[in-house]
Amino acid sequence: MPETDAYIGLGSNLADPLSQLAGAITRLAALPYTQLVAQSPFYASRPVGPQDQPDFVNGAVLLRTALGPLDLLDALQDIERAHQRERIQRWGPRTLDLDLLLYGNHHIDDDRLTVPHVELANRDFVLQPLLDLTPTLILPDGRPVSELRQSCPDNALRRLDPVPGSLASMGPGD
């Protein structure tokens with residue numbers, strides 16, 4: 001299969017979220033037939049849904065992969081399980097959430113996977129990391145992510161300091 005650029009959203013609000021995300025990125029970089037191209041900064045934001053939970057830490061990565069979309073989804077869910085992800089409450093707290101946001105320029109509407117991610121346009125904690133990775137990113141339907149970000153509801157997004165040793169903390173040539 002040819003290589004495809006895939007954008008993965010990352011989120012956590014339990015069990016040291018920054019460590020959860022860093023561990024997930026290490027695992028994503030080790031996926032077969034896959035290269036980690038870039039990592040966004042991390043952001044804190046209020047939870048979507050029930051407010052009686054800690055704030056989330058979110059980010060995104062850009063992968064170049066020869067894995068098909070469902071194989072990539074399986075790999076993401078394996079990583080979530082390795083981080084003790086439990087699906088108890090919709091939009092509830094979680095150790096790790098990995099979402100396949102975009103897979104090339106593909107529209108996918110499968111019983112297991114919808115790409116672009118169905119809530120992408122409504123989540124500043126998804127749109128901003130995507131813009132950090134690719135400022136000129138255009139969705140498969142032709143909408144610029146920058147325009148979606150301007151009209152997106154505010155979720156009290158706060159950029160966090162880079163995690164030492166992460167791609168986001170390294171300058172060119174590091």
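Please read these numbers as outputs of a predicted model, since none were measured by experiment. Quick note: numbers below take in every heavy atom, side chains included, and nothing from hydrogens, waters or symmetry partners.
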Margin query: So, using side-chain hydrogen bond (donor to acceptor under 3.5 Å, both in side chains) as the criterion, who are the partners of D132 when residues are at least two apart?
Written below: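 Per chain and number, D132 pairs via side-chain hydrogen bond (donor to acceptor under 3.5 Å, both in side chains) with Y43, Q128.
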Margin query: If the condition is side-chain hydrogen bond (donor to acceptor under 3.5 Å, both in side chains), which residues does N105 pass it with, not counting sequence neighbours?
Written below: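 With neighbours one apart ignored, the set is empty.
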Checklist line | Side-chain donor or acceptor of T114 paired with backbone N/O of D109 under 3.5 Å | finding: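 The answer is no, because no donor-acceptor pair under 3.5 Å joins these two groups.
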Notebook entry, point to check: For the side chain of N13 and the backbone of R94, is there at least one donor-acceptor N/O pair under 3.5 Å apart?
Noted result: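 At least one qualifying donor-acceptor pair exists.
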Taking only residues two or more places apart in sequence or in another chain, which ones pass side-chain contact (heavy atoms from CB on, under 4.5 Å) with [X]?
{"X": "N155", "value": "S45, R46, V48, D124, F125"}
{"X": "D74", "value": "D71, Q77, R112"}
{"X": "A75", "value": "L31"}

Notebook entry, point to check: Step by step, would you call V126 with D99 a side chain to side chain contact (heavy atoms under 4.5 Å, CB included)?
Noted result: CA-CA 10 Å; V126 171; D99 291 323; over 6 Å; no
Check: Does the side chain to side chain contact (heavy atoms under 4.5 Å, CB included) test come out yes or no for T134 and Y7, once each step is laid out?
Finding: CA-CA 10 Å; T134 309; Y7 291 85; 2.6 Å; yes
Next item on the list: Determine, stepwise, if the pair I8 / L100 fulfils side chain to side chain contact (heavy atoms under 4.5 Å, CB included).
Entry: CA-CA 5 Å; I8 311 300; L100 179 51; 3.6 Å; yes
Could you pull out every donor-acceptor pair under 3.5 Å between side chains of residues 140-147 and any protein atom, sequence neighbours left out?
from: D141; atom 1: OD1; to: R143; atom 2: N; distance (Å): 3.0
from: D141; atom 1: OD1; to: R143; atom 2: NE; distance (Å): 3.3
from: D141; atom 1: OD2; to: R143; atom 2: NE; distance (Å): 2.8
from: D141; atom 1: OD2; to: R143; atom 2: NH2; distance (Å): 3.1

Can you give the donor-acceptor pairs under 3.5 Å from side chains of residues 21-29 to other protein atoms, not counting sequence neighbours?
from: T26; atom 1: OG1; to: A22; atom 2: O; distance (Å): 3.1

Notebook entry, point to check: Does any pair with a residue in residues 53-63 pass salt bridge (charged side-chain N to carboxylate O under 4.0 Å, His left out), and if so which ones, sequence neighbours excluded?
Noted result: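 Sorted pair list: D55-R158.
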Note to self: Strictly by salt bridge (charged side-chain N to carboxylate O under 4.0 Å, His left out), give each pair with a member in residues 5-17 just once, sequence neighbours left out.
What the structure shows: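 As it turns out, the salt bridge (charged side-chain N to carboxylate O under 4.0 Å, His left out) pairs with a partner in residues 5-17, which skip direct neighbours, are D5-R64.
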Next item on the list: Not counting sequence neighbours, which residues clear ring-ring contact (aromatic ring centres under 6.0 Å, His included) with H107? List them please.
Entry: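 In terms of ring-ring contact (aromatic ring centres under 6.0 Å, His included), with neighbours along the sequence ignored, H107 is linked to no residue.
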Check: Is it the case that one hydrophobic cluster holds both I138 and L131, taking links as side-chain heavy atoms less than 4.5 Å apart, direct or via other members?
Finding: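 In one cluster: no.
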Next item on the list: First locate atom CG of L130, then atom CG of L148, and finally report the distance between them rounded to the nearest 0.5 Å.
Entry: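 Rounded to the nearest 0.5 Å, the CG-CG separation comes to 10.0 Å.
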Margin query: Could you go through L102 and L137, starting from their C-alpha distance and side-chain angles, then the distance that decides it, and tell me whether this counts as side chain to side chain contact (heavy atoms under 4.5 Å, CB included)?
Written below: CA-CA 11 Å; L102 296 167; L137 187 61; 3.7 Å; yes
